[in-house]
2 protein chains.
Amino acid sequence: MQLRNQVEWALHCCAILAGLPEARFLSTKDLAKLHGVPKEYLGKALQALSQAGLVEGTLGPSGGYRLAREAAGITFLDIVEAVEGKSSSFVCTEIRKNNPCRTPGMRKNGPCAIARVMWDADRAWRERLAAVSLADLARTLADELPPDQIARMGEWIEARS
Amino acid sequence: MQLRNQVEWALHCCAILAGLPEARFLSTKDLAKLHGVPKEYLGKALQALSQAGLVEGTLGPSGGYRLAREAAGITFLDIVEAVEGKSSSFVCTEIRKNNPCRTPGMRKNGPCAIARVMWDADRAWRERLAAVSLADLARTLADELPPDQIARMGEWIEARS
DNA sequence: ATATTACGGATATTTCATATCCTCAGAGAT
DNA sequence: ATCTCTGAGGATATGAAATATCCGTAATAT
């Protein structure tokens, strides 16, 4: 079980967008160059973010993407689910139905006990992701990254008018 | 992102094995019949459980599998990791290294802040799975399943001497 | 007008989950 | 001893999904 590569890309892109000057857009091309990933395929991930209402895109030269809301209102879970989907990592195929010993009376059993445990763990995973916002991430990065690199990032972005 | 089908099968098989009479083995063939899944492919999952030391297999007629330890000592996490692997669902490819603005001085940055969040969520998922043992599951099932079905299961198993 | 961009569809490529088949060695039954 | 049944493990086929690229369209800034 492994998350898509696009999840990692989308998270890093959102981290960049969260650090952007007010009302500034950054294009797919620049985001791809910044992370060294294929532009076309990254575009798909960004479209997913756009469709989920996390970012908004604008056309034309000097177009691109920016966050659709404040960074504090976008969580890791929002981004992960936008790219990876909201369905649980565990899918119950109800193989207990195949058991020849099962009660034929079709008692309306609730969900399988095994599935409940797995879904519970999945919920814990999502809760943890929902607890961290892009604002939290930006705070951490501002704290950890060397100041000169942050400055250089500002210049780099400024350079792409 | 989705767990293998084998994970579900392995969990259900372990649930059966946990309910087995002392020292009783159950073969792959019977486990496959009981769950309506392909015998050969299920065998692979059971081999993974065996290799992880969760179950032990014996050869010959009346051979098969049984739990290698007491049900209370085997958790959902053990089973999931035996089949699915222990590696995190999020793999950090260090795309920040591709950032042209990064400090060339190779400051020994710790792990990426984004990866840390994702790994933390993965840890929460695993902790939740580690909190439930096969004994817990057996207790739940004994509580929920209709008694006659449990009885019929006993007969069914008894029938395969 | 022209260049640039997001958007969406179509398609190729690669990887991985799924599934089957086969051989081998060990264990029990006759 | 011989036979059958079993798990272990390798080789391989198949299908779906992730990865990646290409193209056409509409919108927008210069």
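In this text, all values refer to a predicted model and were calculated from it rather than measured experimentally. Numbered from 1 within each chain, the chains take letters A, B, ... in sequence-line order.
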Self-check item: A:Glu40 side chain, from C-beta outward: closest of C:dA6, C:dT18, D:dC22
Solution: D:dC22
Quiz item: In the 5'-to-3' direction, what one-character label does each nucleotide of nucleotides 9-14 of chain C receive under the scheme B = base within less than 4.0 Å of a protein heavy atom, S = sugar-phosphate only, - = no such atom?
Solution: BB----
Quiz prompt | Candidates C:dA19, D:dA18, C:dT18 - which lies nearest the side chain of B:Arg4 | solution = C:dT18
Practice problem: Compare side-chain N and O positions of B:Ser50 against OP1 and OP2 of D:dG7 and report whether any pair is under 4.0 Å apart. | Solution: no
Self-check item: Sidechain N-carboxylate O distance under 4.0 Å for B:Glu144, A:Arg116
Solution: yes
Self-check item: Along DNA chain D (nearest heavy atom to each residue), the more 5'-positioned of B:Met1 and B:Gly63
Solution: B:Gly63
Self-check item: Nearest-0.5 Å distance, CD1 of residue A:Ile79 to CD of residue A:Glu84
Solution: 13.5 Å
Quiz item: Got a second to check how far B:Asn99's CG is from A:Leu34's CG, nearest 0.5 Å?
Solution: 4.5 Å
Exercise. Name the closest nucleotide to the B:Tyr65 side chain, picking from D:dG9, C:dT20, D:dA8.
Key: D:dA8
Quiz prompt | Pairing of B:Glu94 and B:Arg96 as salt bridge, 4.0 angstrom limit | solution = yes
Practice problem: Give the rounded distance in Å between these two atoms: CD of A:Glu84 and P of D:dA18. | Solution: 7 Å
Quiz item: When only distance counts, do a donor and an acceptor, one from the side chain of B:Gln47 and one from the base of D:dG9, lie under 3.5 Å apart?
Solution: yes
Quiz item: Expressed in angstrom and rounded to an integer, what is the separation of B:Gln6 atom CD from C:dC16 atom C1'?
Solution: 12 Å
Exercise. In plain terms, say whether B:Arg152 and B:Asp148 are close enough for a salt bridge, that is, a side-chain N and a carboxylate O under 4.0 Å apart.
Key: yes
Self-check item: Main-chain N/O of A:Lys44 paired with A:Gln6 side-chain donor or acceptor, under 3.5 Å
Solution: no
Quiz item: Quick one: what's the B/S/- string for nucleotides 24-30 of chain D, heavy-atom cutoff under 4.0 Å, read 5' to 3'?
Solution: ---BBB-
